[in-house]
Amino acid sequence: MDKTSSPIHTADLPWMPLEAGVSVRLLRLVGAERTLQLKVEPGVTIEPHAHGGEVHAFNLSGSRRLGNGAIAGPGAYVYEPAGNVDSWTCVGDEPVVVQITMSGALAYLDDRGKPKSVTDTPKLRALYLDWCAREGHEPVALGA
């Protein structure tokens with residue numbers, strides 16, 4: 001028996017705003033793991049954050065300058081181990097869209113390196129379901 005899930009046509013999904021210049025399409029929310037597409041507008045910097053679990057990030061479009069100065073453009077894959085602290089900026093004239101699978105908590109850090117806000121899969125799921133209900137969207141993310 002074929003146990004393949006139905007495809008999620010990401011191009012048809014709306015972007016859920018997270019903050020100015022940053023939005024997300026949630027694809028899968030299971031246990032501590034989540035898969036999503038993150039869109040960041042040109043010039044926007046993702047502030048320093050610490051990863052509680054591994055991160056697998058694949059650039060679909062646009063480019064981002066990583067904290068080490070490297071440029072991750074379309075087709076680039078970036079792996080981050082659990083405990084990694086990083087920051088990055090969308091560079092160029094088009095938004096960067098990166099597909100990310102990650103687990104564990106994500107803590108945004110203050111100037112002293114202390115957590116100022118933390119998100120995880122259950123918190124993101126609740127935010128997503130609330131946004132879907134408010135905006136009249138049918139939740140499509142697996143595990144929502």
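Since this is a predicted model, take the numbers as computed values, not measurements.
- Of the possible polar contacts, one joining the Thr121 side chain to the Ala32 backbone as a donor-acceptor pair under 3.5 Å is found.
- Distance alone, capped at 3.5 Å, places no donor-acceptor pair between the Arg34 side chain and the Asp120 backbone.
- Partner Leu18 forms a side-chain contact (heavy atoms from CB on, under 4.5 Å) with one of Val40, Val24, Thr119 and no other, that one being Val24.
- Proximity of Leu38 to Val22: side-chain heavy atoms (C-beta onward) are separated by under 4.5 Å at one or more points.
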Worksheet item: Run the side-chain contact (heavy atoms from CB on, under 4.5 Å) check on Phe58 and Val78 step by step: do they pass?
Response: CA-CA 6 Å; Phe58 182 78; Val78 177; over 6 Å; no
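- Between Leu36 and Gln99 there is no side-chain heavy-atom pair separated by less than 4.5 Å.
- Under the 4.5 Å side-chain heavy-atom criterion for grouping Ile, Leu, Val, Met, Phe, Trp and Tyr, Leu127 is connected to Met102 within one hydrophobic cluster.
- Distance alone, capped at 3.5 Å, is enough to place a donor-acceptor pair between the His49 side chain and the Glu47 backbone.
- Annotation: side chain of Leu129 is in contact with side chain of Pro139 (closest heavy-atom distance under 4.5 Å).
- For Asn59 (side chain) and Ala72 (main-chain N/O), a donor-acceptor pair under 3.5 Å exists by modelled atom type.
- Among all heavy-atom pairs drawn from Ala141 and Tyr128, the shortest one is N-OH, 3.3 Å.
- The two residues Pro74 and Gly62 make their nearest non-hydrogen contact at CD-O, 3.3 Å.
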Item to complete: Verify side-chain contact (heavy atoms from CB on, under 4.5 Å) between Leu27 and Leu142, making sure each step is shown before the conclusion.
Response: CA-CA 6 Å; Leu27 305 176; Leu142 301 174; over 6 Å; no
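- Following chains of ILVMFWY side-chain contacts shorter than 4.5 Å, one cannot reach Val97 starting from Ile100, and the two form parts of different hydrophobic clusters.
- Cluster annotation: Val44 and Leu106 are assigned to the same hydrophobic cluster (Ile/Leu/Val/Met/Phe/Trp/Tyr, side-chain heavy-atom contacts under 4.5 Å, transitive).
- Annotation for Asn68: atom CG counts as buried by contact number, over 12 foreign heavy atoms lying within 6.0 Å.
- Although no hydrogens or angles enter the test, the distance criterion places no donor-acceptor pair under 3.5 Å between the side chain of Tyr108 and the main chain of Ile46.
- Side-chain atoms of Arg25 do not come within 3.5 Å of backbone N or O of Met16 as any donor-acceptor pair.
- You'll find the side chain of Asp86 stays beyond 4.5 Å of the side chain of Val55, heavy atoms only.
- A 4.5 Å side-chain heavy-atom check between Thr45 and Ser87 finds at least one atom pair inside the cut-off.
- Ile71 has its side chain within reach of Val91: a pair of non-hydrogen atoms, C-beta onward, lies under 4.5 Å apart.
- Nearest heavy-atom pair across Ser63 and Gly73 is OG-CA, 3.6 Å.
- Shortest non-hydrogen contact noted between Glu41 and Cys90 is O-CB, 3.3 Å.
- Checking side-chain atoms of Arg64 against main-chain N and O of Val98 turns up no donor-acceptor pair under 3.5 Å.
- Although no hydrogens or angles enter the test, the distance criterion places a donor-acceptor pair under 3.5 Å between the side chain of Lys123 and the main chain of Val118.
- Using modelled atom types, no side-chain atom of Arg28 and backbone atom of Glu33 make a donor-acceptor pair closer than 3.5 Å.
- The two residues Ser23 and Pro17 make their nearest non-hydrogen contact at CB-CA, 4.0 Å.
- Within 6.0 Å of atom CG in Asp130, more than 12 heavy atoms from other residues, nucleotides or ligands are found, so the atom counts as buried in its surroundings.
- Using a 4.5 Å heavy-atom threshold, the side chains of Ser61 and Glu94 count as touching.
- His56 and Tyr79 form no side-chain donor-acceptor contact under 3.5 Å, judged by distance and modelled atom types alone.
- The hydrophobic cluster containing Leu29 does not contain Trp15, counting ILVMFWY residues as joined when their side-chain heavy atoms lie under 4.5 angstrom apart, directly or transitively.
- Within a 6.0 Å radius of CZ in Arg65, other residues, nucleotides and ligands contribute 12 heavy atoms or fewer.
- Proximity of Ile8 to Leu13: side-chain heavy atoms (C-beta onward) are separated by under 4.5 Å at one or more points.
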